[in-house]
Amino acid sequence: QVQLVEFGGGLVQPGESLTLSCAASGSIISINNMGWYRQAPGKERELVATIGTTGSTNYADSVKGRFTISRDNVKNTVSLQMNSLKPEDTAVYLCNAEVRYGSYYFPRTMNAWGKGTLVTVSS
């Protein structure tokens, strides 16, 4: 199986920065798209940013210019650098990855999710 674990959440003041990281582990053969989603209290889960295997990125309009997603294809990690944080960025941030895993002769694919890390932006 495959596990995703997020790191780096916490409490920050408006205007400050925070970096989230996510590490994938297990019988991984390859990872296609990786991304970050978030879910605020009482709201639906929304896309924050995604990154493909070649580094192509996609951002939600609300975070463009403030957040930067990156990945390490050797370490199977994805990070989210968040700058100029706003109270409306407060949410549980979840890591997502499209993973090919198992054996090379019998590979399987899954859309894996981490359990999430809480980011609170408040003065």
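Only heavy atoms go into these numbers, but all of them, side chains included; no hydrogens, no water, no symmetry mates.
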Determine, stepwise, if the pair Val99 / Ile29 fulfils side chain to side chain contact (heavy atoms under 4.5 Å, CB included). CA-CA 8 Å; Val99 183; Ile29 298 172; over 6 Å; no
Worked verdict on Tyr59 versus Thr68 for side chain to side chain contact (heavy atoms under 4.5 Å, CB included): CA-CA 9 Å; Tyr59 294 94; Thr68 302; 3.9 Å; yes
Test side chain to side chain contact (heavy atoms under 4.5 Å, CB included) on Gln1 and Tyr101 and set out the steps. CA-CA 7 Å; Gln1 279 286 4; Tyr101 70 100; 4.2 Å; yes
From CA spacing to verdict: salt bridge (Lys or Arg N to Asp or Glu O under 4.0 Å), Lys86, Asp89: CA-CA 5 Å; Lys86 305 175 181 180; Asp89 294 318; over 6 Å; no
Under the criterion side chain to side chain contact (heavy atoms under 4.5 Å, CB included), I'd like the reasoning laid out for Glu6 against Leu4: C-alpha separation, chi angles, the key distance, then a yes or no. CA-CA 7 Å; Glu6 300 98 338; Leu4 299 182; 5.6 Å; no
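Considering OG1 of Thr57 and CG of Asn33, their distance stands at 11.5 Å, rounded to 0.5 Å. From Ser79, atom OG reaches atom NZ of Lys75 across 9.5 Å, with rounding to the nearest 0.5 Å. Separation of atoms CD (Glu16) and OG (Ser84) is listed at 11.0 Å; rounding is to 0.5 Å. Separating the CZ atom in Phe67 from the CG atom in Leu18 is a distance of 9.0 Å, to the nearest 0.5 Å. Put simply, OG on Ser17 and CE on Met82 are 9.0 Å apart, with the number rounded to the nearest 0.5 Å. To the nearest 0.5 Å, atom CZ of residue Arg71 and atom CD1 of residue Ile69 are 8.5 Å apart.
For the pair Phe7 and Ala23, the tightest heavy-atom approach, listed with the atom from each and the gap, is CE1-CB, 4.4 Å. Contact between Ile31 and Ala24 at its shortest, heavy atoms only, is CD1-CB, 4.0 Å.
At a cut-off of 3.5 Å, with distance as the only test, a side-chain donor of Tyr93 or Arg38 sits close to an acceptor on the other residue. At a cut-off of 3.5 Å, with distance as the only test, no side-chain donor of Thr77 or Asp72 sits close to an acceptor on the other residue.
Among residue pairs with one or both ends in residues 19-101, those qualifying as disulfide (SG to SG under 2.5 Å) are Cys22-Cys95; sequence neighbours excluded.
A side-chain contact (heavy atoms from CB on, under 4.5 Å) with Trp36 is found for one member of Leu94, Leu80, Thr50 and no other, namely Leu80.
Using a distance-only test at 3.5 Å, with no hydrogens or angles considered, a donor-acceptor pair links the side chain of Asn73 to the main chain of Thr53.
Under the 4.5 Å side-chain contact rule for hydrophobic residues, Val63 and Met34 share a cluster. Tracing side-chain contacts under 4.5 Å through hydrophobic residues (I, L, V, M, F, W, Y), one never reaches Val48 starting from Val92; they form parts of separate clusters.
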Kindly list each side-chain donor-acceptor pair under 3.5 angstrom involving residues 105-123, sequence neighbours excluded, with atom names and distances?
from: Asn111; atom 1: OD1; to: Asn96; atom 2: ND2; distance (Å): 2.9
from: Thr117; atom 1: OG1; to: Gly9; atom 2: N; distance (Å): 3.2

